Amino acid sequence: MNSSRNLFKFNKTILAILLFSFSSVLFGQNESTGDDIQQKKERKAKSSFKLSGGATFNDIKLDSDSDVTSGATLGYNLGISYKRGRFFYYEVGARINSRSFDLEDTGDQSINKLKVSAIDVPLTGGVNLTSFADRLVGVRLFLSAVPSFTTGKKVDEVGLEDDDIQSVMFYGQAGLGIDIAFFFIESGFNFGVDNLVKNIENESIKSIPNQIFVNLGFRF
């Protein structure tokens, strides 16, 4: 009788130890899995890559006494960027920017085209006003410094040579972005701080390019 009772107590003790060990392992795995999921969510919320493209509207500020005027002309841009942050964020990217300008001679009313293609490198800082819902919806304001490296020029129609166009330009940029799930739309103003046309024969020629852009894209 005592032997059976001792055996029952021994088996009960062994069973309790096994149950405790199993529950500890299971709890540890669940906790680790939960931490991993939370860390992945945080990383996903903080960082993303963006692909975008859209239409641009371009003109050039010329000297007021010039015989040439510029009107808004359609162009396009395509870009990729890396964004990191929540309420405050930064973004680094590169984009192909094709600028086209219609220049009208007020004397004979003729219109000639000036086309310049470039690789822009926007360096952006911004504020996400709805960072608490970043993966669902976002409303962002941003400012950028934009070095721009000229890659293509079509200037013969306006009586210029390729060397008359700046090889490196600098722009400022301000805009608004709206995120909806994985998609976004951005619109803003890109304003030049340099003359597009170099000074010719020591004459200062005002030729400041400006651009309005509307882009659509997705983030991942």
Side-chain angles (χ1 to χ4, degrees), residues 47-62 70-85 88-103 112-128 138-158 160-179 182-199 205-220:
S47 303
S48 61
F49 287 92
K50 298 166 58 180
L51 293 174
S52 66
T56 64
F57 303 90
N58 308 273
D59 72 350
I60 299 180
K61 286 186 177 180
L62 301 168
S70 173
T73 309
L74 186 65
Y76 70 89
N77 71 81
L78 299 169
I80 184 171
S81 63
Y82 171 76
K83 172 179 170 288
R84 183 169 180 82
F88 295 106
Y89 71 91
Y90 69 86
E91 189 172 334
V92 180
R95 69 185 175 211
I96 299 170
N97 200 328
S98 179
R99 295 177 171 89
S100 181
F101 308 96
D102 283 348
L103 302 179
N112 299 305
K113 287 189 177 295
L114 167 63
K115 293 184 178 180
V116 178
S117 300
I119 300 294
D120 294 349
V121 184
L123 308 173
T124 301
V127 177
N128 186 351
V139 177
R140 298 177 284 105
L141 300 173
F142 57 87
L143 294 172
S144 309
V146 187
S148 179
F149 304 91
T150 303
T151 58
K153 310 167 186 177
K154 185 177 180 182
V155 299
D156 52 314
E157 287 190 19
V158 292
L160 296 174
E161 297 181 359
D162 286 354
D163 290 343
D164 295 330
I165 302 298
Q166 300 281 7
S167 297
V168 180
M169 294 282 294
F170 290 92
Y171 297 86
Q173 180 174 278
L176 169 70
I178 298 176
D179 305 322
F182 298 104
F183 301 95
F184 66 88
I185 180 171
E186 292 179 342
S187 181
F189 184 61
N190 192 305
F191 49 94
V193 297
D194 296 321
N195 287 317
L196 180 63
V197 180
K198 298 177 183 178
N199 291 342
I205 300 175
K206 183 178 180 181
S207 54
I208 304 295
N210 295 309
Q211 181 181 81
I212 295 172
F213 62 90
V214 180
N215 291 340
L216 298 175
F218 65 92
R219 53 184 181 158
F220 57 94

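Note that the structure is predicted; figures quoted are calculated from it, not measured.
Proximity of Asn210 to Phe189: side-chain heavy atoms (C-beta onward) are separated by under 4.5 Å at one or more points. For the pair Arg99/Asn190, a side-chain contact is recorded, criterion being any heavy-atom separation below 4.5 Å from C-beta on. Under the 4.5 Å side-chain criterion, counting only non-hydrogen atoms from C-beta, Thr56 is not in contact with Ile212. Within the 4.5 Å cutoff, the side chain of Phe184 has heavy atoms near those of the Lys50 side chain.
Without hydrogens or angle criteria, Ser187 side chain to Gly175 main chain gives no donor-acceptor distance under 3.5 Å.
A pairwise comparison of heavy atoms in Ser148 and Tyr171 identifies CB-CE1, 3.6 Å as the closest pair.
The aromatic ring centroids of Phe49 and Tyr82 lie less than 6.0 Å from each other.
A salt bridge is absent between Glu157 and Lys115: the closest approach of a Lys/Arg side-chain nitrogen to an acidic carboxylate oxygen does not fall below 4.0 angstrom. Contact check on Lys153 versus Asp162 returns no salt bridge, with no Lys/Arg side-chain nitrogen under 4.0 Å from an Asp/Glu carboxylate oxygen. Under the 4.0 Å criterion applied to side-chain N and carboxylate O atoms, Glu186 and Arg140 are assigned as salt-bridge partners.
Classification of the Phe218-Phe220 ring pair by plane angle, with boundaries at 30° and 60°, yields tilted.
A side chain to side chain contact (heavy atoms under 4.5 Å, CB included) with Asn77 is found for exactly one of Asn97, Asp120, Ile96, Val214, namely Asn97.
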